[in-house]
Amino acid sequence: MLETGYHEDRGGEAIARFEEAILPCRSNRISRIEEIQREFFHLDISFGEFEQRYIKRLQETLDGNGNFGKKSYGMKSYLLPFIGLIRPLHDRDPARVSWEALRSSFHKLPDMDRESAAEITKYLRRYTFTLALEECLKRDMPMQIHAGDGEAPDVVYEIKIHFTWKRVSGLTATT
């Protein structure tokens, strides 16, 4: 599996060179939620338009050739270090309010500390994560969730909500 997330803006050409270099090994690409968010978060558009574009791009990435010319076989999220344990957010209203806060403060984000910037987009990121997770579930695709371990002191540990696996998943381990 080849995660095509943060590619340092080298894009499809660099990914294709890598895939050629590893032949005869084959790669299946995993897309990253944050890369799709990055395409739209800077745009001065309504929340409704953002939502439509995000979902369309998400579906192109998963179903078509939107992952640098190829389809995706799964997704990855790096949201835990920014917003803590992710609980699905199906309600559009907090996401819309978060989008509006992002619109009014986008130009200030580079000067903000990581935690303050994360707080602005928390509900928007939870909502877009939920949309992506639902699309993966419809396709029986895996979703990798990066926990941010090993990135201290920048990881926002204070806003992580600690749950046990049993409480989050509703599952119990059996032996």
Side-chain angles (χ1 to χ4, degrees), residues 1-12 14-15 27-43 45-103 106 109-110 112 114-115 117-151 154-156 159-161 163 168-169:
M1 299 302 269
L2 176 61
E3 190 250 318
T4 58
Y6 290 103
H7 44 78
E8 298 173 348
D9 293 321
R10 294 187 182 161
I15 293 167
S27 71
N28 291 319
R29 296 179 182 179
I30 300 173
S31 183
R32 195 154 178 173
I33 294 172
E34 293 78 19
E35 283 299 297
I36 299 172
Q37 291 171 338
R38 189 169 80 151
E39 290 181 38
F40 301 111
F41 275 15
H42 70 280
L43 299 177
I45 56 178
S46 71
F47 177 71
E49 186 174 346
F50 159 75
E51 185 179 40
Q52 287 176 337
R53 287 186 185 191
Y54 177 84
I55 292 170
K56 181 180 180 195
R57 181 70 174 104
L58 180 61
Q59 291 169 343
E60 289 171 353
T61 300
L62 295 176
D63 298 331
N65 60 358
N67 192 343
F68 298 101
K70 293 190 177 178
K71 72 173 271 181
S72 293
Y73 286 83
M75 292 204 77
K76 179 176 181 176
S77 168
Y78 184 73
L79 293 177
L80 268 84
F82 288 99
I83 63 175
L85 183 68
I86 302 167
R87 290 176 286 166
L89 178 64
H90 299 279
D91 185 354
R92 296 175 74 244
D93 288 336
R96 181 187 46 75
V97 170
S98 185
W99 174 258
E100 291 168 4
L102 177 62
R103 296 283 44 82
F106 188 80
L109 291 179
M112 297 174 110
R114 185 173 178 167
E115 188 170 347
E119 193 61 35
I120 290 170
T121 59
K122 181 177 182 175
Y123 294 106
L124 181 60
R125 290 179 188 270
R126 277 182 60 199
Y127 182 68
T128 56
F129 171 85
T130 302
L131 294 173
L133 181 59
E134 288 176 347
E135 293 295 328
C136 284
L137 288 170
K138 288 177 193 174
R139 293 159 180 79
D140 195 26
M141 285 183 170
M143 166 85 69
Q144 178 188 3
I145 302 172
H146 187 298
D149 291 343
E151 298 199 19
D154 293 325
V155 175
V156 188
I159 62 173
K160 287 188 177 182
I161 302 168
F163 288 97
V168 173
S169 68

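When reading the values below, keep in mind they use all heavy atoms of this one structure, side chains included, and skip hydrogens, waters and symmetry mates.
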Query raised in the report: From I55 CD1 over to Q59 CD, what is the distance, rounded to the nearest 0.5 angstrom?
Result: 7.0 Å
**Report entry** Test side-chain hydrogen bond (donor to acceptor under 3.5 Å, both in side chains) applied to Q144 - qualifying residues, sequence neighbours left out
**Finding:** none
Query raised in the report: Under the ring pair (Phe, Tyr, Trp, His ring centres under 6.0 Å) test, which residues partner Y73, sequence neighbours left out?
Result: none
Report task. Only counting residues at least two apart or in another chain, list the ones meeting side-chain hydrogen bond (donor to acceptor under 3.5 Å, both in side chains) with E134. Result -> H90
**Report entry** P142: partners by side chain to side chain contact (heavy atoms under 4.5 Å, CB included), with sequence neighbours left out
**Finding:** none
Query raised in the report: Does the side-chain contact (heavy atoms from CB on, under 4.5 Å) test come out yes or no for E34 and S77, once each step is laid out?
Result: CA-CA 7 Å; E34 293 78 19; S77 168; 3.5 Å; yes
Query - Interatomic spacing from CG in L89 to CZ in R125 - rounded to 0.5 Å - result: 14.0 Å
Query raised in the report: Is NZ or CZ of R38 both nearer than 6.0 Å to the six-membered ring centre of F41 and within 45° of the ring axis?
Result: no
Query raised in the report: How about R126 and Y123: do any of their side-chain heavy atoms sit closer than 4.5 Å?
Result: yes
Query raised in the report: Of the non-hydrogen atoms in I145 and F129, which two are nearest, and what is the gap between them?
Result: CD1-CZ, 3.9 Å
Query raised in the report: Are side-chain heavy atoms of L109 and L102 found at a separation under 4.5 Å?
Result: yes
**Report entry** For I45, side chain to side chain contact (heavy atoms under 4.5 Å, CB included) partners two or more places apart
**Finding:** L43, E49, F50, R53, W99
Query raised in the report: Taking only residues two or more places apart in sequence, or in another chain, which ones meet K138 in a salt bridge (charged side-chain N to carboxylate O under 4.0 Å, His left out)?
Result: E135
Query raised in the report: For S46, which residues count as a side-chain hydrogen bond (donor to acceptor under 3.5 Å, both in side chains) partner, sequence neighbours excluded?
Result: none
Query - Donor-acceptor pair, side chain of T128 and main chain of L124, under 3.5 angstrom - result: yes
Query raised in the report: Side-chain contact, heavy-atom cut-off 4.5 Å: M75 with L58?
Result: yes
Query raised in the report: If you measure from CG on L131 to CD1 on I33, what distance do you get to the nearest 0.5 Å?
Result: 9.5 Å
Report summary line: When rounded to the nearest 0.5 Å, the distance separating NZ of K71 from CG of L62 is 8.5 Å
Report task. List in chain and number order the residues that pass side chain to side chain contact (heavy atoms under 4.5 Å, CB included) with R57, two or more places apart in sequence or in another chain; answer none if no residue qualifies. Result -> I36, E39, F40, E60, T61
Query raised in the report: Partners of R96 by side chain to side chain contact (heavy atoms under 4.5 Å, CB included), sequence neighbours excluded?
Result: F47, D93, E100
Requested in this report: Mind checking the CD-OG spacing from E119 to S98? Nearest 0.5 Å is all I need.
Outcome: 9.0 Å
Report task. For residues M143 and C136, report the shortest heavy-atom separation together with the two atoms involved. Result -> CE-SG, 4.1 Å
Report task. Say whether, by atom type as modelled, one donor and one acceptor occur between the side chain of R92 and the main chain of E51 under 3.5 angstrom. Result -> no
Query raised in the report: Can you name the residues that form a salt bridge (charged side-chain N to carboxylate O under 4.0 Å, His left out) with D63, not counting sequence neighbours?
Result: R139
Query raised in the report: Less than 4.5 Å apart, any side-chain heavy atom of T121 and any of Q37?
Result: no
